Amino acid sequence: MNWSIVFALWRKEVKSYFVSPTAYIVIAVFLVITGWFFTLNLFKENLAHLRSIFDILPFLLVIFAPAMSMRLISEERKTGTMELLMTMPVKDFDVIFGKFLAALTLYSVALLFTLFYPFTISVLGNAEPGPIVAGYIGLVLLGGTYIAIGLLGSAMSDSQIVAFILSFLIAGVFAILVFSSMVMPGGIADVVQYLSTTYHFQNIARGVIDSRDVIYYLSLTFMSLLLASRAVAQRKFL
Amino acid sequence: MIHIENLKKYYGTFPAVDDISFDVANGEILGFLGPNGAGKSTTMKVLTGYYPPSEGKVTIEGMDVTEQSIETRKLIGYLPESNPLYFELSVYEYLKHIAEMRELPKEKHNARIKEMAELTGLQDRLGQQIAQLSKGYKQRVGLAQAMLHDPKLLILDEPTIGLDPNQIIEIRSLIKKLGSEKTVILSTHILPEVQATCDRVVIINRGKLEADGTLDELQHKFQGRPIIDIEVLGDGANDLDIYRKVTGVEEVTERHLPDLKGVAIRIAAASNTDPREEIFKLCVEKKWTLLTMNREIQSLENIFQQLTRAESGKEVAA
């Protein structure tokens, strides 16, 4: 891995995010929706926890993470800058990884704004810090995974819409596998459930960070990035 | 410097480049000439490492473009045909990004960007967003990008497309200037461009190599029958059979032109012959007055048309 290339790409992509209105719109919509879920039952339940957001985020991120990363490669393909990028002395994976870090940065900025919610509940009541801290770590891992899937979608098409739909479908399948026990017999359901992104987030959000959950997310992220760099190397797209 | 051997590149089953071989020497300015869709861009994309070749071998300074791709890419400055740029960045930000991607030493970035901006006439535009630049200025940014890391080999895909005549002249002289220290390959379908800038020409059509050589060589090699136009004054000068007896002459026709003092005759001679002397002697012998004599040498334009048209003709016949 050539870190100076990775960071050069990261810098450029972050700059591109924040000179266009996309970043601001995505962050604003993200905050409006999470804010709505946060306040929905806050006073009715009168409990100091973030479960209302943590329950919905694994599904919400299926839409938001691909929206953040769909542009990254599709756009370069559409405008032809991909040709320039791929004829620089850089490795395909370094390109993908730099772009991944840029989208992760945008997502982290959005997450930073949501810290307002745990701050609010800790002022209003006695919040248990464990599940909240663990939950946020889980959100970074989960979001990172979906962003990587979003990049894979982006690497497969020169249309941002197609890229978005592809990654939404892939991420969506991983998200809903958690409901496998509703339609499958016990033994298989357990295995299938283990493949679900939502399932591992639920584990972490309980307040315990298990290495198995972390490894699950990191390997799914790495696999997606690797496939994305393969898709880029193919030079062909849907 | 560059060695291309039996290069083939298929898009699906369509051969965009079909068995092309040629070499490019150090310091040469090579014009890559062909009609649209001839395979110029594809060949360049293989050279720059964007597309792997389907068959054949391409090396730059002895390194294979697919196996040692990262190394060969370092040697190349590339301006793709569409001149893609990141429109949301300013000229300075863009060149800075390229400098980072090319891993130029950090302390040299600004000096190098300034140097390129001066060379391409972008000094006053560095702070401007690329999206706001005119087409000519965007093209300069593309050129500055290609030359930023001082590459040994410049590959320019239609570098003057979309520029106004003054800009074209500027860019051509810039390329000519660069050619004194670098190897340059430039593709074009505009002939005067090649005549103005290149040492050597490779003409391709429908993926196949049609001709390869210096302008003089090509002119010599592909010369058709020399055409000699004369105007003669004298008794019996309109008897075409007399001219047909001159050695080398193949075809004689009388031309009916306005304002003639004598008889205007067009003589087509056999390839690589020059019967002008004989014609002159004939006139002297017959006591005619030779008013004008002009030999037409085939221009590169004719050669180009001849080569590329003959190929499409074959296609139609097949």
Side-chain angles (χ1 to χ4, degrees), chain A residues 1-25 71-99 101-102 106 155 158 160 229-238, chain B residues 9 11-12 41-42 44-52 63 65-66 68-90 92-106 109 129-131 138 141-142 145-146 148-149 151 153 155 157:
Chain A
M1 188 94 76
N2 187 333
W3 288 102
S4 65
I5 299 290
V6 171
F7 283 120
L9 271 162
W10 173 81
R11 252 194 306 276
K12 188 240 139 203
E13 292 299 343
V14 170
K15 205 178 280 167
S16 297
Y17 268 132
F18 287 97
V19 292
S20 77
T22 356
Y24 302 102
I25 292 170
R71 184 189 62 89
L72 288 171
I73 297 167
S74 306
E75 179 85 350
E76 298 233 29
R77 284 201 142 132
K78 185 148 243 165
T79 61
T81 46
M82 197 65 183
E83 190 175 341
L84 208 57
L85 185 58
M86 292 287 105
T87 50
M88 295 272 160
V90 296
K91 292 209 170 69
D92 296 342
F93 192 80
D94 291 354
V95 171
I96 296 293
F97 198 68
K99 285 173 178 285
L101 289 185
L106 176 67
D158 65 344
Q160 292 195 36
S229 76
R230 281 291 141 80
V232 161
Q234 283 296 309
R235 312 275 191 256
K236 277 185 273 180
F237 44 88
L238 298 176
Chain B
K9 174 70 194 171
Y11 293 130
S41 292
T42 306
M44 290 184 149
K45 282 175 178 152
V46 172
L47 271 172
T48 53
Y50 185 63
Y51 285 142
M63 293 181 288
V65 291
T66 36
Q68 287 157 287
S69 187
I70 300 282
E71 292 308 311
T72 56
R73 287 187 218 173
K74 282 181 185 165
L75 301 173
I76 301 172
Y78 179 37
L79 174 67
E81 186 178 10
S82 54
N83 186 24
L85 300 163
Y86 297 116
F87 284 7
E88 70 272 20
L89 301 182
S90 74
Y92 175 79
E93 284 171 332
Y94 176 67
L95 293 178
K96 178 94 179 156
H97 174 63
I98 299 294
E100 285 168 354
M101 296 291 285
R102 291 282 185 186
E103 294 189 272
L104 299 184
K106 216 175 167 111
H109 283 188
Q129 208 189 356
I130 292 177
K138 282 184 188 135
V141 177
Q145 170 276 125
L148 193 66
H149 57 297
L153 171 62
I155 297 182
D157 201 349

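Predicted model, so just to flag it, every value in this text is computed and none were measured. Residue numbers begin at 1 in each chain, while the letters A, B, ... track the order of the sequences.
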Any side-chain heavy atom of A:Val19 within less than 4.5 Å of one from B:Gln129? no

Do the side chains of A:Met88 and B:Tyr78 get nearer than 4.5 Å, heavy atoms only? no

Closest approach of A:Pro89 to B:Ile70 (non-hydrogen atoms, all atoms of both residues): CB-O, 3.6 Å

Using atom types as modelled and distance alone, determine if a side-chain donor or acceptor of B:Arg73 lies under 3.5 Å from a backbone N or O of A:Thr87. no

Region of B:Glu71 in contact with chain A, defined by heavy-atom distances below 4.5 Å: neither

Is chain A contacted by the side chain of B:Lys96, its backbone, both, or neither, given a heavy-atom distance below 4.5 Å? neither

May I ask you to say whether A:Arg11 pairs ionically with B:Glu100, meaning some side-chain N is under 4.0 Å from a carboxylate O? yes

Enter the distance from A:Ser4:OG to B:Arg102:CZ here, rounded to the nearest 0.5 Å. 13.5 Å

Would you compute the distance between atom CD1 of B:Ile98 and atom CG of A:Leu84 and round it to the nearest 0.5 angstrom? 5.5 Å

Using non-hydrogen atoms and a 4.5 Å limit, figure out which bit of B:Leu85 sits close to chain A: side chain, backbone, both or neither. backbone

Name the region of B:Glu88, side chain, backbone, both or neither, that has any atom closer than 4.5 Å to a heavy atom of chain A. both

Check the pair B:Thr48 / A:Met86 against side chain to side chain contact (heavy atoms under 4.5 Å, CB included), numbers first and verdict last. CA-CA 9 Å; B:Thr48 53; A:Met86 292 287 105; over 6 Å; no

The reported gap from CD1 in A:Ile5 to CD in B:Glu103 (rounded to nearest 0.5 angstrom) is 4.0 Å

Does any heavy atom of chain B fall under 4.5 Å from the side chain of A:Asp94, the backbone, both, or neither of them? neither

Applying a strict 4.5 Å limit to non-hydrogen atoms, the region of B:Tyr94 in contact with chain A is side chain

Contact winner vs chain B - A:Lys91, A:Glu75, A:Lys15, A:Met82, heavy-atom pairs under 4.5 Å: A:Lys15

Under a 4.5 Å cutoff for heavy-atom pairs, which residue among B:His149, B:Gln145, B:Glu81 has the most contacts with chain A? B:Gln145

